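Notes to accompany the following structure.
This is a predicted model, so every value here is computed, not measured. Quick note: residue numbers are just sequence positions, from 1. Computation of the quantities below employed the complete heavy-atom set of this structure, encompassing side-chain atoms and omitting hydrogens, waters and symmetry-equivalent molecules.
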Amino acid sequence: MENVREIVLDLLLTLEKDGGMSHRLISDVLNKYDYLDVKEKRFLKRLAEGTLERQIELDYYLNHYSSLPVRKMKPLIRCLLRMSVYQILYMDSVPDSAACNEACKLAQSRKFQNLKGFVNGVLRRISREKEALPLPDRKNGLEWLCVKYSMPELITREWLEEYGEAMTEKILQGLLEIHPVSLRMPETLSDEEMAEIENHLQDAGVRTGKSPYDSRILLARDLEGAESLSDFQKGSLTVQDASSVLAVKIAGIQKGNLVVDACAAPGGKSILASELVGTNGKIICGDLSSQKTDKIAENIARMNKNNIEIYEWDAREPKPEWIGKADVLLLDIPCSGWGVMGKKRDIKYHVTEEGLSELEDLQKSILRGASQYVKPGGILLYSTCTVRKQENRDMVAWILENLPFTPEPFCGELPEAVLEGVREEKNAFLGEVSAWEDCFAQLLPGVLQMDGFFFAKFRRKMDADGNGSEN
């Protein structure tokens with residue numbers, strides 16, 4: 001019988017040693033131990049994700065109660081203490097005594113018998129005082145928010161400067177909420193077919209609810225992986241957040257359009273666009289590596305789409321044969337990912353000022369190249385899954401200044417429930433109000449029930465002869 005806590009311990013050690021993205025490693029580990037009981041897999045997933053997500057807070061408590069700073073601990077002991085404190089504080093189904101005892105057993109079985117007493121002492125003290133654990137002074141808003149919501153100072157400070165303390169805390173709370181799996185049903189399905197799919201999910205023990213923003217999106221809880229669902233396997237469901245769906249739909253794609261999806265992996269936007277253009281339309285999509293294009297191809301095949309062409313490309317270098325041909329360009333550009341940290345929990349630990357600056361330069365290079373696909377009068381739909389002024393509002397200004405596009409207002413077309421959240425974000429934003437506010441929307445976690453996301457809509461200019469303007 002597998003020791004699930006030991007699996008999590010090894011997973012955390014692997015991430016600490018080798019780096020990588022936690023959501024991919026957790027998925028790989030769950031696949032490796034697919035024979036585990038459903039409850040054991042849920043325990044594994046929550047313990048691994050929660051320990052990573054709350055690491056700053058956990059380390060703060062450990063540094064308070066341990067005679068040895070966290071940074072000086074042996075890696076195994078550091079990871080073991082973090083995951084054990086997480087169980088004590090956030091997993092009500094685990095008795096504190098069990099968290100302490102299992103940690104001591106693991107320390108002994110991994111050849112750290114001499115540290116059993118240390119591990120036990122730290123955990124017992126935290127367990128005894130867990131109702132009144134120390135936090136930084138609330139008056140020091142930055143440090144308090146960083147520890148309470150386990151967010152690095154660089155990110156928290158930026159949001160405080162952009163939104164103030166109340167909205168920043170709302171965003172941080174939203175990122176820590178438990179997120180259901182967002183499952184989209186194809187545009188081609190009838191109401192009866194969609195109801196049947198929902199019944200199938202409920203029969204499989206999945207709790208479902210409708211998204212308040214799109215009737216074709218089901219929010220699924222108690223679902224370990226969509227891959228196991230028969231409706232997913234036969235192409236009646238795909239994993240796609242409401243924010244991504246909104247971005248595609250607001251682009252105004254019409255039957256018969258040619259749509260280019262320039263940074264397409266894993267293919268969700270291309271698949272939805274293929275449904276919107278119909279059998280006479282066409283989608284051209286691609287991404288930077290074969291690993292990404294293979295994933296796109298896998299999803300397209302599962303969803304039975306035959307009007308999509310896939311290419312491996314560098315979006316900075318436009319393909320000459322498609323320049324000036326696209327009715328719509330979907331450009332979900334590589335970004336910092338600050339809007340999806342609730343799902344990709346270790347993004348926040350890899351952020352640097354230098355890395356952010358390099359990312360903004362990359363985004364501009366991709367925009368210069370990929371924007372050439374848009375035909376005169378065509379649409380550019382720019383999007384990111386982040387909550388950063390520099391990659392969003394500032395990039396809108398850069399596009400309007402440097403590329404031959406004009407703002408295309410769309411906010412009035414948003415569902416009212418989404419528009420309320422967009423208004424709340426714009427009212428809270430501390431920067432200057434732009435003349436082109438209605439051409440973009442910033443969706444905030446904690447304000448709306450979806451990922452943090454940004455999209456902006458532009459139309460390519462026409463010159464006096466009705467041709468595309470070069471500037």
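For D394 and K389, the salt-bridge test passes: some basic side-chain N is under 4.0 Å from an acidic carboxylate O. A salt bridge does not link E162 with R393: none of the charged nitrogens is closer than 4.0 Å to a carboxylate oxygen. With salt bridges taken as basic N to acidic carboxylate O contacts below 4.0 Å, none links E312 and K292. Electrostatic pairing of D37 and R42 does not count as a salt bridge here, judged by no charged N lying under 4.0 Å from a carboxylate O. A salt bridge links E102 with K105: the closest approach of a Lys/Arg side-chain nitrogen to an acidic carboxylate oxygen falls below 4.0 angstrom. Look at D314 and R316 and you find a salt bridge, because one of the NZ, NE, NH1 or NH2 atoms lies within 4.0 Å of a carboxylate O, short of that distance. Between K45 and E49, at least one side-chain N (NZ, or NE/NH1/NH2) sits under 4.0 Å from a carboxylate O, which counts as a salt bridge.
A donor-acceptor contact closer than 3.5 angstrom links the side chains of S336 and E391.
Using a 4.5 Å heavy-atom cutoff, the side chains of L183 and L223 are in contact. Here the side chains of L367 and M395 are in contact, with some heavy-atom distance below 4.5 Å. Between V396 and S434, every side-chain heavy-atom pair lies at or beyond the 4.5 Å cut-off. Contact of the I271 side chain with the R184 side chain is registered, since non-hydrogen atoms from C-beta on lie closer than 4.5 Å. Proximity of D261 to I284: side-chain heavy atoms (C-beta onward) are nowhere separated by under 4.5 Å. Using a 4.5 Å heavy-atom cutoff, the side chains of E424 and E420 are not in contact. For the pair R5/L9, no side-chain contact is recorded, criterion being any heavy-atom separation below 4.5 Å from C-beta on. A 4.5 Å side-chain heavy-atom check between E425 and M167 finds every atom pair outside the cut-off.
Screening residues 198-251 for ring pair (Phe, Tyr, Trp, His ring centres under 6.0 Å), with sequence neighbours left out, gives no hits. Pairs passing the ring pair (Phe, Tyr, Trp, His ring centres under 6.0 Å) check and including a residue from residues 66-119, sequence neighbours excluded, read Y86-Y90. Under the ring pair (Phe, Tyr, Trp, His ring centres under 6.0 Å) criterion, the residue pairs touching residues 126-177 are W159-W338, Y163-F429, with sequence neighbours excluded. Applying the side-chain hydrogen bond (donor to acceptor under 3.5 Å, both in side chains) rule to pairs touching residues 444-458 yields K343-D451, sequence neighbours excluded.
For N392, the side chain to side chain contact (heavy atoms under 4.5 Å, CB included) test picks out T384, T386, Q442, F454, with sequence neighbours left out. Listed by chain and number, the residues in a side chain to side chain contact (heavy atoms under 4.5 Å, CB included) with S27 are N31 (sequence neighbours excluded). When the side-chain hydrogen bond (donor to acceptor under 3.5 Å, both in side chains) test is applied to K348, no partner is found at least two apart in sequence or on another chain. In this structure F453 satisfies the ring pair (Phe, Tyr, Trp, His ring centres under 6.0 Å) test with no other residue, sequence neighbours excluded. In this view, Q108 and Q113, K116 satisfy the side chain to side chain contact (heavy atoms under 4.5 Å, CB included) rule, not counting sequence neighbours. Legend: residues meeting side-chain hydrogen bond (donor to acceptor under 3.5 Å, both in side chains) with E158, ordered by chain and number and at least two apart, are R388. Residues satisfying the side chain to side chain contact (heavy atoms under 4.5 Å, CB included) criterion with S127, sequence neighbours excluded, are I88, D96.
Looking at N63, its side chain does come within 3.5 Å of a backbone N or O of V70 through a donor-acceptor pair. In this structure, Q233 contributes its side chain and E227 its backbone to a donor-acceptor pair below 3.5 Å. The closest donor-acceptor contact from the side chain of H179 to the backbone of E177 lies under 3.5 Å. Listed for the S150 side chain is no donor-acceptor partner under 3.5 Å among the backbone atoms of C146. Side chain of S357 to main chain of E353: no donor-acceptor pair is present (N/O by atom type, distance under 3.5 Å, no hydrogens or angles). Between the side chain of R302 and the main chain of G235, no donor-acceptor pair closer than 3.5 Å is present.
When all heavy atoms of L36 and K41 are compared, the pair lying nearest together is O-CE, 3.6 Å. Closest of all the heavy-atom pairs between P212 and A417 is O-CB, 4.2 Å. Nearest heavy atom pair, residue C79 against residue L13, reads SG-CD2, 4.0 Å. For the pair N304 and K234, the tightest heavy-atom approach, listed with the atom from each and the gap, is ND2-O, 3.5 Å.
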S244 vs K269, side-chain hydrogen bond (donor to acceptor under 3.5 Å, both in side chains): CA-CA, chis, key distance, verdict: CA-CA 7 Å; S244 171; K269 290 185 179 65; 3.2 Å; yes
Test side-chain hydrogen bond (donor to acceptor under 3.5 Å, both in side chains) applied to S182 and D241, step by step: CA-CA 5 Å; S182 182; D241 192 74; 4.5 Å; no
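Put simply, CD on E198 and CG on D231 are 11.5 Å apart, with the number rounded to the nearest 0.5 Å. Distance check: D222 CG to Q202 CD gives 12.0 Å after rounding to the nearest 0.5 Å. Atom CD in E6 sits 12.5 Å away from atom CG in L11 (nearest 0.5 Å). Going from atom CD1 of I217 over to atom CG of L246 covers 7.0 Å, rounded to the nearest 0.5 Å. Distance check, rounded to the nearest 0.5 Å: CG of L356 to CD of E358 gives 9.5 Å. The distance from atom OG of S270 to atom CG of L330, rounded to the nearest 0.5 Å, is 7.0 Å.
Surrounding NZ of K130 are more than 12 heavy atoms belonging to other residues, nucleotides or ligands, all under 6.0 Å away.
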Below 3.5 Å, can you tabulate the donor-acceptor pairs from side chains in residues 134-141 to any protein atom, sequence neighbours excluded?
{"from": "D137", "atom 1": "OD1", "to": "K139", "atom 2": "N", "distance (Å)": "2.8"}
{"from": "R138", "atom 1": "NH1", "to": "E165", "atom 2": "OE2", "distance (Å)": "2.5"}
{"from": "R138", "atom 1": "NH2", "to": "E169", "atom 2": "OE1", "distance (Å)": "3.4"}
{"from": "N140", "atom 1": "OD1", "to": "E143", "atom 2": "N", "distance (Å)": "3.4"}
{"from": "N140", "atom 1": "ND2", "to": "E143", "atom 2": "OE1", "distance (Å)": "3.1"}

